[in-house]
Amino acid sequence: MTVKAQPALSQKHGEVVCVAGIRLDGDRPEWIRLFPVPFRDLEKVVKFKKYQVMEVDIVRPRSDARPESHTPNMDSATLGEVVDTRPGGSWRRRWDILSGLADLHTMCELNRGQREGRPMPSLAMVRPAKVLDVEVDDTPDFSEAQKAMALMAAEADLFGEAREPLEAPPFTVRYRWQCLDDDCAGNHRQTCVDWEVGGAARRWLREHDHETVRRMLRDKWLGELCGPQRDTYFFVGNQHLHQQSYLILGVFWPPHDPGRLEPQLTLLD
């Protein structure tokens, strides 16, 4: 499991999460999207972490033609090891899994292919040439209809455990960047929907004021994750109903390894 998007509200499914990961059951690693995943309602024994191996039964959805998309049966899920970042080369172990899927496309190529109607992957791992900025904006509050939906989803908890209704994330984080395509004009502007953005914001707001947290988010998602000492990649994925629109699902940011990549990333203040 490589990325877990922030929870969203669905008329059909209630509160759900979209998850992307790497299939390890074939001859070579392949992208997979799991949806819907009722993450906050899962039993603790199957609440997976990022970069954790999971075995789960899946079926192809009828309404989503993207080949990477599958519907999981979370009742069948069992969790395995977590490929974490402890000293001793765990970033290397992550890279060993991901390397075959990196740099297969640029962001411009994905966008062009979608516009021209050519078959393009709905999930990809792309490398920025320049990260121009990270914009951190206040997120609008849920509408009254969304608040009602969130309340209903919280009351429908399958295990009878009380939980707070879903709230809109405090901030929206957007990257402005240039990809490695020769013709890229540097006008990519994409929202990062990683669960960790909202989680970090809520956690930091318990101890810091609004503007301080805004600055902390920019420092983290720009200065740390995209710093010159990192070999930064973006996990990107498009949307079922808007397949020409890709979001940044998460960031892969291992320490720079001169033996693996020539430095490409330029961070602009």
Side-chain angles (χ1 to χ4, degrees), residues 1 3-21 33-50 56 58-66 69-77 122 135-174 189-211 213-214 216-217 221 237-250:
M1 317 308 298
V3 288
K4 180 175 61 179
Q6 298 188 43
L9 294 170
S10 163
Q11 288 281 1
K12 182 177 181 180
H13 302 292
E15 181 190 320
V16 289
V17 168
C18 184
V19 178
R33 175 187 291 103
L34 300 180
F35 181 85
V37 177
F39 190 81
R40 290 209 299 165
D41 288 338
L42 294 178
E43 294 185 81
K44 291 181 180 180
V45 292
V46 292
K47 277 195 173 180
F48 53 86
K49 300 177 181 179
K50 285 180 64 174
V56 63
I58 56 174
V59 296
R60 286 282 295 136
R62 296 180 179 178
S63 59
D64 189 345
R66 294 173 297 177
S69 296
H70 292 77
T71 300
N73 174 9
M74 294 306 298
D75 290 336
S76 71
S122 67
E135 303 166 350
V136 182
D137 300 315
D138 293 347
T139 302
D141 195 9
F142 281 159
S143 67
E144 292 304 314
Q146 288 173 311
K147 290 179 181 178
M149 192 186 306
L151 183 60
M152 289 181 61
E155 291 173 347
D157 178 70
L158 300 177
F159 304 102
E161 298 180 3
R163 64 171 171 82
E164 293 297 319
L166 181 67
E167 297 179 345
F171 299 95
T172 298
V173 168
R174 293 185 183 88
R189 183 173 181 264
Q190 293 163 291
T191 300
C192 181
V193 296
D194 192 344
W195 180 301
E196 293 183 357
V197 171
R202 291 188 178 94
R203 194 166 59 248
W204 293 339
L205 282 170
R206 298 186 194 121
E207 300 180 1
H208 305 280
D209 63 75
H210 193 84
E211 289 306 311
V213 172
R214 185 195 303 275
M216 292 171 68
L217 287 169
W221 266 266
N238 67 5
Q239 304 171 71
H240 177 208
L241 298 179
H242 305 281
Q243 295 192 22
Q244 294 186 10
S245 176
Y246 284 83
L247 301 169
I248 292 177
L249 307 179

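These values consider heavy atoms only, across backbone and side chains, with no hydrogens, waters or symmetry-generated copies.
- Side-chain atoms of Arg60 come within 3.5 Å of backbone atoms of Ser69 as a donor-acceptor pair (strictly under, hydrogens ignored).
- Using the six-membered ring where Trp is involved, Phe171 and His210 have ring planes that are tilted, between 30° and 60° apart.
- At a threshold of 4.5 Å between non-hydrogen side-chain atoms, the residues Gln6 and Thr139 do not count as touching.
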side-chain contact (heavy atoms from CB on, under 4.5 Å) between Glu15 and Asp41: does it pass, once the steps are laid out? CA-CA 9 Å; Glu15 181 190 320; Asp41 288 338; 5.9 Å; no
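- Atom CD of Glu211 has more than 12 neighbouring heavy atoms from other residues, nucleotides or ligands inside a 6.0 Å radius.
- Between the CD atom in Gln190 and the CG atom in Leu249 there is a gap of 9.5 Å [rounded to 0.5 Å].
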Carefully, step by step, assess Val19 and Phe48 under the rule side-chain contact (heavy atoms from CB on, under 4.5 Å). CA-CA 11 Å; Val19 178; Phe48 53 86; 3.7 Å; yes
Using side-chain contact (heavy atoms from CB on, under 4.5 Å), reason through Arg40 and Leu166 one step at a time and then give a plain yes or no. CA-CA 10 Å; Arg40 290 209 299 165; Leu166 181 67; 3.9 Å; yes
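- Residue Lys49 places its NZ atom among 12 or fewer non-hydrogen atoms of other residues, nucleotides or ligands, all under 6.0 Å distant.
- Side-chain atoms of Pro36 and Val17, non-hydrogen and from C-beta on, never get closer than 4.5 Å to each other.
- The closest donor-acceptor contact from the side chain of Thr191 to the backbone of Val193 lies at 3.5 Å or more, if one exists at all.
- Here CZ of Arg33 is found 12.5 Å from CD1 of Ile58. Values are rounded to the nearest 0.5 Å.
- Here the CZ-CD distance, from Phe142 to Glu167, works out to 8.5 Å after rounding to the nearest 0.5 Å.
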Show, in sequence, the C-alpha distance, side-chain angles and deciding distance for Phe35 and Asp64, and conclude whether the side-chain contact (heavy atoms from CB on, under 4.5 Å) test is met. CA-CA 10 Å; Phe35 181 85; Asp64 189 345; over 6 Å; no
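- In this structure, Leu42 and Val37 have side chains that are in contact, with non-hydrogen atoms separated by less than 4.5 Å.
- You'll find the side chain of Leu34 reaches within 4.5 Å of the side chain of Met1, heavy atoms only.
- The two residues Asp194 and Gly250 make their nearest non-hydrogen contact at OD2-CA, 3.8 Å.
- Here the straight-line distance linking atom CG of Leu217 with atom CG of Asp137 works out to 11.0 Å at 0.5 Å rounding.
- Between Pro140 and Ala168 the shortest heavy-atom distance is O-CB, 3.6 Å.
- Side-chain atoms of Val197 and Pro169, non-hydrogen and from C-beta on, never get closer than 4.5 Å to each other.
- In this structure, Trp195 and Ala5 approach most closely via the heavy-atom pair CE3-O, 3.4 Å.
- Nearest approach of Val46 to Ala77, heavy atoms of both residues: CG1-O, 3.3 Å.
- Here the CG atom belonging to Asp141 is positioned 8.5 Å from the CD atom belonging to Gln146, to the nearest 0.5 angstrom.
- With a 4.5 Å cut-off on side-chain heavy atoms, Pro38 and His13 do not count as touching.
- Remark: Lys50 NZ to Glu196 CD distance equals 4.0 Å, nearest 0.5 Å.
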